[in-house]
K.L.:
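Below you'll find the structure I mean.
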Amino acid sequence: MNRIFLVSAFLLAGLSTLCAAETPPLPAAAAPVVKNLAVKLVEPHLHIARSNISGHARIALTFDACMGQADERILSTLVRERIPATIFVTARWLKRNPAALAVFLQNPDLFELENHGENHIPAVDTPTLVYGIASAGSPQAVRQEVEGGAAAMLAAGIPAPHWFRGSTAKYDLSAIGEIRALGYRIAGYSVNGDGGSLLGAVITEKRIASAKDGDVVISHINQPTHAAGEGVAKALVDLKMRGTEFVRLDDVEDMGDDKTTE
């Protein structure tokens with residue numbers, strides 16, 4: 001019994017450490033979170049136009065670069081196999097990864113770089129917690145998160161972004177309207193490839209390799225020490241061997257719910 005208690009305590013401590021490392025600081029513009037208010041959140045789906053060719057599924061790979069370091073297992077596979085992908089970058093990630101950014105910019109035929117925000121703060125305009133992360137908390141703070149991310153991208157020599165994906169990929173409907181008013185399409189997804197980079201390699205590979213014609217896959221390219229990255233890299237090769245057509249979000253027509261792309 002004592003052994004079970006000690007193991008449970010260890011796992012909880014490890015999870016707390018991980019969450020603390022990934023939780024961004026609350027910006028000055030955001031309203032303080034007093035309690036987790038009952039805010040209706042949505043996690044939009046996104047699909048792309050299908051190829052409708054048997055044996056040649058069309059899939060959009062999207063990767064979030066939230067913070068931390070670049071996962072060279074994934075990046076090198078994308079470059080070596082010449083697989084196109086859409087990469088959502090934060091201002092925080094850009095500051096720490098100039099070498100990976102250079103690879104992205106050197107391969108414009110492969111990589112479409114889009115906006116993941118300034119400080120990786122959930123784009124929710126009401127004070128709340130999303131997976132333990134404090135939301136932006138006001139329309140002004142949502143705007144700062146979006147525009148701050150775009151400004152960092154332009155300063156790094158990246159073309160102006162057209163798509164936005166917020167931290168946690170959850171929004172309230174009013175924030176969706178605010179982001180759309182800024183001129184962005186909001187990138188949902190249809191396949192969660194790596195469970196926030198917390199899944200094991202085998203299940204990650206299976207999830208991504210199971211993507212079907214018209215799916216948009218979300219995974220992470222900023223956790224090089226997590227097992228999920230190995231599974232992502234293997235799944236990319238699996239899909240290519242099956243004759244998959246990989247496209248970036250700007251390459252094809254798309255269909256998003258919750259008025260994220262209308």
Side-chain angles (χ1 to χ4, degrees), residues 18-33 39 41-44 62-71 86-102 104-105 111-189 196-197 218-223 249-250 260:
L18 174 64
C19 291
E22 292 294 337
T23 302
L26 185 67
V33 177
V39 180
L41 301 180
V42 296
E43 191 167 358
T62 69
F63 293 93
D64 288 358
C66 313
M67 52 197 87
Q69 302 296 326
D71 191 332
T86 302
I87 316 294
F88 286 86
V89 297
T90 67
R92 297 177 69 183
W93 188 88
L94 288 173
K95 290 178 181 178
R96 298 185 61 178
N97 293 276
L101 173 60
F104 289 146
L105 294 178
F111 300 116
E112 171 191 346
L113 300 179
E114 298 293 350
N115 189 356
H116 196 33
E118 182 176 24
N119 288 308
H120 200 245
I121 294 169
V124 176
D125 62 14
T126 301
T128 191
L129 296 175
V130 188
Y131 300 130
I133 304 175
S135 67
S138 70
Q140 295 78 13
V142 169
R143 185 183 188 97
Q144 177 58 44
E145 175 70 0
V146 176
E147 294 187 334
M153 294 177 70
L154 292 174
I158 301 170
H162 304 107
W163 288 85
F164 177 80
R165 175 182 286 154
S167 167
T168 74
K170 289 182 179 288
Y171 316 83
D172 54 351
L173 295 178
S174 54
I176 286 176
E178 293 153 12
I179 297 166
R180 295 286 286 127
L182 293 173
Y184 288 89
R185 303 169 79 78
I186 297 175
Y189 60 90
S197 83
I218 181 176
S219 297
H220 292 75
I221 197 168
N222 66 301
Q223 295 289 357
L249 291 183
D250 268 356
T260 50

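One is the number of the first residue; the rest follow in order along the sequence. On a predicted model such as this, the values are computed, not experimentally measured, just so you know. Basis for what follows: all heavy atoms, side chains included, without hydrogens, waters or symmetry-related copies.
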K.L.:
Can you sort out the partners of Asp64 under salt bridge (Lys or Arg N to Asp or Glu O under 4.0 Å), two or more places apart, ordered by chain and number?
P.N.:
Arg165
K.L.:
Is the backbone N or O of Thr86 less than 3.5 Å from a side-chain atom of Glu114, with the two atoms forming a donor-acceptor pair by type?
P.N.:
no
K.L.:
Kindly give the heavy-atom pair with the smallest separation between Leu94 and Ala156, and that separation in Å.
P.N.:
CD1-CB, 4.5 Å
K.L.:
How close do Pro127 and Val39 get, heavy atom to heavy atom, and via which atoms?
P.N.:
O-CG2, 4.4 Å
K.L.:
Can a donor-acceptor pair be found, under 3.5 Å and without considering hydrogens, that links the side chain of Ser135 to the backbone of Thr126?
P.N.:
yes
K.L.:
Does Ser197 have any side chain to side chain donor-acceptor pair (under 3.5 Å) partners at least two apart in sequence or in another chain, and if so, which?
P.N.:
His226
K.L.:
First locate atom SG of Cys66, then atom CD1 of Ile221, and finally report the distance between them rounded to the nearest 0.5 Å.
P.N.:
11.0 Å
K.L.:
Find the distance between CD1 (Ile87) and CG (Asn222) and round it off to the nearest 0.5 Å.
P.N.:
11.0 Å
K.L.:
Which pairs count as salt bridge (charged side-chain N to carboxylate O under 4.0 Å, His left out) when at least one residue sits in residues 124-144, sequence neighbours excluded?
P.N.:
Arg143-Glu147
K.L.:
Check residues 157-164 and write down every donor-acceptor pair under 3.5 Å in which the side-chain atom is one partner and the other belongs to a residue at least two apart or another chain.
P.N.:
residue, atom, partner, partner atom, Å
His162, ND1, Asp250, OD2, 3.4
Trp163, NE1, Asp250, OD1, 2.9

K.L.:
What's the separation between atom CH2 in Trp93 and atom NE2 in His116, rounded to the nearest 0.5 Å?
P.N.:
11.5 Å
K.L.:
How would you list, by chain and number, every residue that makes a side chain to side chain donor-acceptor pair (under 3.5 Å) with Thr168, sequence neighbours excluded?
P.N.:
none
K.L.:
State which residues pass side-chain contact (heavy atoms from CB on, under 4.5 Å) with Glu118; sequence neighbours excluded, sorted by chain then number.
P.N.:
Ala91, Gln144, Glu145
K.L.:
Donor-acceptor check, side chain of Thr90 to backbone of Gly117, threshold 3.5 angstrom: yes or no?
P.N.:
no
K.L.:
Tell me, please, which residues at least two apart from Asn97 pass side chain to side chain donor-acceptor pair (under 3.5 Å).
P.N.:
none
K.L.:
Give me the atom names and distance for the closest heavy-atom approach of Ala175 to Ala123.
P.N.:
CB-O, 3.3 Å
K.L.:
Excluding sequence neighbours, so at least two apart, what forms side chain to side chain donor-acceptor pair (under 3.5 Å) with Glu178?
P.N.:
none
K.L.:
Can you name the closest pair of heavy atoms from Ile176 and Pro44 and give their distance?
P.N.:
CD1-CG, 4.4 Å
K.L.:
Using the ring pair (Phe, Tyr, Trp, His ring centres under 6.0 Å) criterion, which residues pair with Phe88? Sequence neighbours excluded.
P.N.:
none
K.L.:
Distance from Arg185 atom CZ to Asn115 atom CG, nearest 0.5 Å?
P.N.:
15.5 Å
K.L.:
Quick one, Thr260 with Tyr171, criterion side-chain contact (heavy atoms from CB on, under 4.5 Å). Give me CA distance, side-chain angles, the key distance, then yes/no.
P.N.:
CA-CA 10 Å; Thr260 50; Tyr171 316 83; 5.8 Å; no
